[in-house]
Amino acid sequence: MKEGNNEKSRLKDSPDENVQTNQYSSISPPASPEAQDEPFSTYFEDKVAIPEDVSQVFSFRKLWAFTGPGFLMSIAYLDPGNIESDLQSGAKAGFKLLWILLGATIIGLLLQRLAARLGVVTGMHLAEVCNRQYPAVPRVILWMMVELAIIGSDMQEVIGCAIALNLLSMGSIPLWAGVLITITDTFVFLFLDKYGLRKLEAFFGFLITVMALSFGYEYVLVKPNQGELLKGMFIPYCADCGPVQLEQAVGIVGAVIMPHNIYLHSALVKSRDIDRKNKNEVKEANKYFFIEATIALFISFLINVFVVAVFAQAFFNKTNNDMNQMCNETGSQHTDLFPQNNETLQVDIYKGGVVLGCFFGPAALYIWAIGILAAGQSSTMTGTYSGQFVMEGFLNLRWSRFARVLLTRSIAITPTLLVAIFQDVQHLTGMNDFLNVLQSMQLPFALIPILTFTSMTSIMNDFANGMVWKISGGVVILVVCAINIYFVVVYVTALNSVLLYVLAAVLSVAYLCFVVYLAWHCLVALGVSCLDFGSRVSNRPAMLIEEQSEYDS
């Protein structure tokens, strides 16, 4: 380790040697006495070795060695916020929006590919690169925005676990107690990596398996119409859809593509032992990580489809009267959740479990709750890792493992507990919509930087984005951000408060100014040279050493 840090110091002092000897990791963390004496890591103290097998174009042994980071990343596509979006999509639009879910997952895969490539090529994750490339003030603002996204996601995940515990205990465990249990056991599970990285990854694989079996059971039980399912998945059309379905379609995109997940994936890929001085090894790592991410997101997509299909088949166009009558017939204690009127059924994670129990018996409710608990627990743990990576990268923290976990959990615990204490478990949908809006607003602060830095030859060298990726990446990010801005506008206009309108207008101006600032740097990195007046983010390799020296000083 000391030898490796000494090499980094020599590379930093010699620009020419940096280009020749360490060509595929141009940016290296600044060497320091502390770093030389003690390795600093959150997730990977021992890196996974990659087997030597140069004779084969494809090796399952190598794929297995690279398997892990993509599945941990894919958990963000299965968090309680996504599950709630899925069940609402099925209940409000039937099978008609499955193609939106498929498209959002494919877009998510392409964005995750950029994140993984950044980590593999540079040996640094996105927060570390942002720390070295942006000036101090934008860097702090960017960190605060990403932290807001993590807090919003964390609240959804912790409360999802608390709802699952409430359902499993038939209401004996109140929401606030479930939050405390979730936060406590998260601390316990996070220290599983003390027993080895692969064991930790296996535990997350187990949680994904629990979700697949739980929601798969509901799918088999309901027996959705396969023809309608395939039609909704592959025909990009929504017949007889109105504003409700449009808002739900926008909500699907916002729920699937998570800003903090970009930061997380760029860090997780560092857990593999890759020689970044060897171009072939870097190229091979990018290939296998992309294959692994594709498999992981395909599995997460299937689980999401299970949930959408269950509620599309069983509860599309159902009314409160229908549910009230069914719950009465089965003797459910939750009949009061559904007033006796002909309004369309509104469901969330909690009501979703209840209606499944009313229609298909208590077993369906408990199995649903187990799936939600696995989704919430796993995503809570990966959310905590995201918080640690982001804090360490932006703030260059050098704290003990326990202190870092305690800080990142404490940031979200206060608002989550307040919600759990003062909000009834039966009326959380409004808060979930607010949290989705909050995370939607943070998307540019992950998507714009990742496209910026993966397009810079000074950072990525031969692995920088080509023209096709630059254009397609820019278009995808523009579309995703526009969709989510629409979601935010719809949410704000529905508040019907002049004071809130004024406050939103003021915040919007500041928000848009910062997004324009990041977009300016991105366009410079993409090669729009006419905008390169004073930008500190340049696509010229010669600038890298000068910029790195300024930040180090």
Side-chain angles (χ1 to χ4, degrees), residues 80 82-98 100-101 160 163-164 166-168 170-171 214-229 231-232 238-249 251-252 304-372 424-433 494:
N82 275 286
I83 301 301
E84 181 154 336
S85 175
D86 292 337
L87 63 89
Q88 289 179 353
S89 171
K92 293 178 180 179
F95 299 99
K96 299 174 186 176
L97 298 180
L98 278 173
I100 298 286
L101 177 63
I163 290 174
N166 182 273
L167 286 171
L168 286 171
M170 297 301 291
S214 300
F215 299 132
Y217 169 82
E218 310 284 357
Y219 181 86
V220 172
L221 187 67
V222 173
K223 299 177 182 177
N225 185 316
Q226 300 302 305
E228 289 297 314
L229 186 149
K231 180 180 176 182
C238 188
D240 302 321
C241 290
V244 172
Q245 288 75 25
L246 177 60
E247 290 177 24
Q248 190 58 48
I252 290 173
N304 283 314
V305 168
F306 288 162
V307 179
V308 174
V310 165
F311 284 84
Q313 182 69 34
F315 306 112
F316 178 51
N317 279 338
K318 290 292 191 299
T319 65
N320 286 325
N321 268 335
D322 296 332
M323 293 313 307
N324 187 287
Q325 180 181 352
M326 181 60 66
C327 288
N328 265 327
E329 291 176 358
T330 56
S332 171
Q333 61 179 349
H334 301 291
T335 306
D336 58 327
L337 283 176
F338 311 103
Q340 292 183 320
N341 58 47
N342 285 319
E343 292 183 7
T344 304
L345 175 67
Q346 299 290 327
V347 287
D348 51 29
I349 290 177
Y350 181 78
K351 290 182 180 178
V354 171
V355 297
L356 285 171
C358 290
F359 262 72
F360 304 107
L365 185 150
Y366 291 128
I367 292 173
W368 169 261
I370 289 171
I372 295 297
D424 187 83
V425 68
Q426 302 173 9
H427 304 91
L428 289 171
T429 302
M431 187 212 66
N432 188 65
D433 291 341

Check the surroundings of atom [atom1] in [X]: do more than 12 heavy atoms from other residues, nucleotides or ligands lie under 6.0 Å from it?
X    : atom1 : result
E329 : CD    : yes
D240 : CG    : no
K231 : NZ    : no
Q340 : CD    : no

So which of Y350, F311, F359, F360 actually passes ring-ring contact (aromatic ring centres under 6.0 Å, His included) with W368?
F311

Can you tell me how far the [atom1] atom of [X] sits from the [atom2] atom of [Y], to the nearest 0.5 Å?
X    : Y    : atom1 : atom2 : result
K351 : E84  : NZ    : CD    : 10.5 Å
T319 : Q325 : OG1   : CD    : 9.0 Å
I83  : N304 : CD1   : CG    : 5.5 Å
Y366 : S214 : OH    : OG    : 14.5 Å
L87  : K92  : CG    : NZ    : 9.5 Å
I372 : I367 : CD1   : CD1   : 13.0 Å

Closest heavy-atom pair and its distance - [X], [Y]:
X    : Y    : answer
C358 : M326 : O-CG, 3.7 Å
F306 : F215 : CB-O, 3.7 Å
F316 : A91  : CD1-O, 3.4 Å
A364 : L356 : CB-O, 3.8 Å
A369 : A164 : O-CB, 3.4 Å
I252 : S89  : CD1-OG, 3.7 Å

[Y] side chain reached by [X] side chain, heavy atoms, under 4.5 Å:
X    : Y    : value
N320 : L345 : yes
V310 : V307 : no
L98  : L229 : yes
F338 : D322 : no
V308 : F95  : no
L337 : V355 : no
C238 : L97  : yes

Within the side chain of Q88, is there an N or O that forms a donor-acceptor pair under 3.5 Å with the backbone of V347?
yes

Given 3.5 Å as the limit, does a donor-acceptor pair link the side chain of E228 with the main chain of K96, or not?
no

Between N324 and N328, does a side chain to side chain donor-acceptor pair (under 3.5 Å) hold up when you go through it step by step?
CA-CA 6 Å; N324 187 287; N328 265 327; 3.0 Å; yes

